[in-house]
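Read through the structure below, which is laid out as structure tokens, and then see the notes.
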Amino acid sequence: MRDDICTIPISEVFEPKDGCPICRMRNTIESRMVEYILGAAMMEPDVRIKTNELGFCKDHLEMMMKGKNRLSLALILETHLDSVKNELFKKSFIKPSAKKTAYKAARIEETCFVCDRIQWGMERLIATTLRMYANESDFRRLFKDQECLCLPHYRLLMEEASNSMDKKRLSDFSADCNNLAEKYLSELTVDVNKFTKMFDYRNAGGETDEFDRAKDSIERAFAFLTSRGEM
Ligand SMILES: [Zn+2]
Ligand SMILES: [Zn+2]
């Protein structure tokens with residue numbers, strides 16, 4: 001299995017300063033991984049064994065369905081479905097209990113090869129990010145200058161930092177994280193509030209120009225809360 005897919009230079013992730021940097025990190029690994037599975041990984045038996053066993057979640061199946069490589073997807077699904085059939089419905093002398101079969105079915109539902117690899121890659125990249133923050137003043141500035149953090153990645157950073165950073169750095173780091181998430185949340189709240197008012201003003205035939213920023217505030221709230229979409 002190729003590990004370099006999950007290797008991205010941290011500065012490349014943080015330099016654009018557009019939206020949540022950790023979303024960018026995840027999106028990069030994710031799209032590379034989906035492309036890899038439908039391409040080069042087709043020829044790698046160890047990857048196929050894993051995709052057969054773990055399968056895919058809804059999000060990642062959808063991403064693969066949007067890709068152009070339908071034949072690759074069909075071949076991957078063919079052997080995965082075979083393995084599901086084998087796992088759940090294999091004829092055996094002793095019949096497994098309903099509870100045991102339900103447990104096996106739940107495992108198939110809950111696991112995803114892409115999620116698994118993203119988590120593997122993110123753990124390493126987040127650890128590097130925290131190390132860079134602790135050791136490099138230039139990177140601390142770059143981190144501080146980010147546009148925002150979405151809620152799931154704010155949580156992830158705070159969680160990981162509290163497990164690994166020394167006290168003094170942790171206090172600076174959490175202050176920076178608070179700042180990035182709170183600033184965005186405050187602006188978002190104002191925009192969502194404007195959005196709710198937009199209807200009144202429209203009904204009253206009022207000016208809508210000042211509500212330009214509010215137009216996509218529901219989509220941005222979705223992205224802030226879920227880490228999916230444009231913030
Ligand atoms: Zn994010
Ligand atoms: Zn997944």
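Ligands are counted one by one from 1 in listed order, and the atoms in each one are counted from 1 as well. The shown structure was predicted, so the numbers you read here are calculated from the model rather than taken from an experiment.
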For residues Val114 and Phe56, determine if any side-chain heavy atom of one lies less than 4.5 Å from a side-chain heavy atom of the other.
yes
Quick one: do Lys183 and Glu187 make a salt bridge, cutoff under 4.0 Å?
no
I want to verify a count. Protein N, O or S atoms less than 2.8 Å away from the Zn ion (ligand 1), how many are there?
4
One thing to verify: whether Arg140 and Asp172 come together as a salt bridge, which I'm taking to mean a side-chain N less than 4.0 angstrom from a carboxylate O.
no
Under-4.0 Å salt bridge between Arg228 and Glu30:
yes
What's within reach of the Zn ion (ligand 2), meaning protein N/O/S atoms under 2.8 Å?
Cys57 SG, His60 ND1, Cys112 SG, Cys115 SG
In short, side-chain hydrogen bond (donor to acceptor under 3.5 Å, both in side chains) pairs touching residues 6-19 with sequence neighbours left out are none
Only pairs at least two apart or in different chains count here, so list each salt bridge (Lys or Arg N to Asp or Glu O under 4.0 Å) that has a residue in residues 112-121.
Asp3-Arg117
SB check Lys50 Asp46 (cutoff 4.0 Å):
no
Does one side chain, of Glu44 or Tyr36, offer a donor that lies under 3.5 Å from an acceptor on the other?
yes
Is the Phe143 ring parallel, tilted or perpendicular to the Tyr133 ring (thresholds 30°, 60°)?
perpendicular
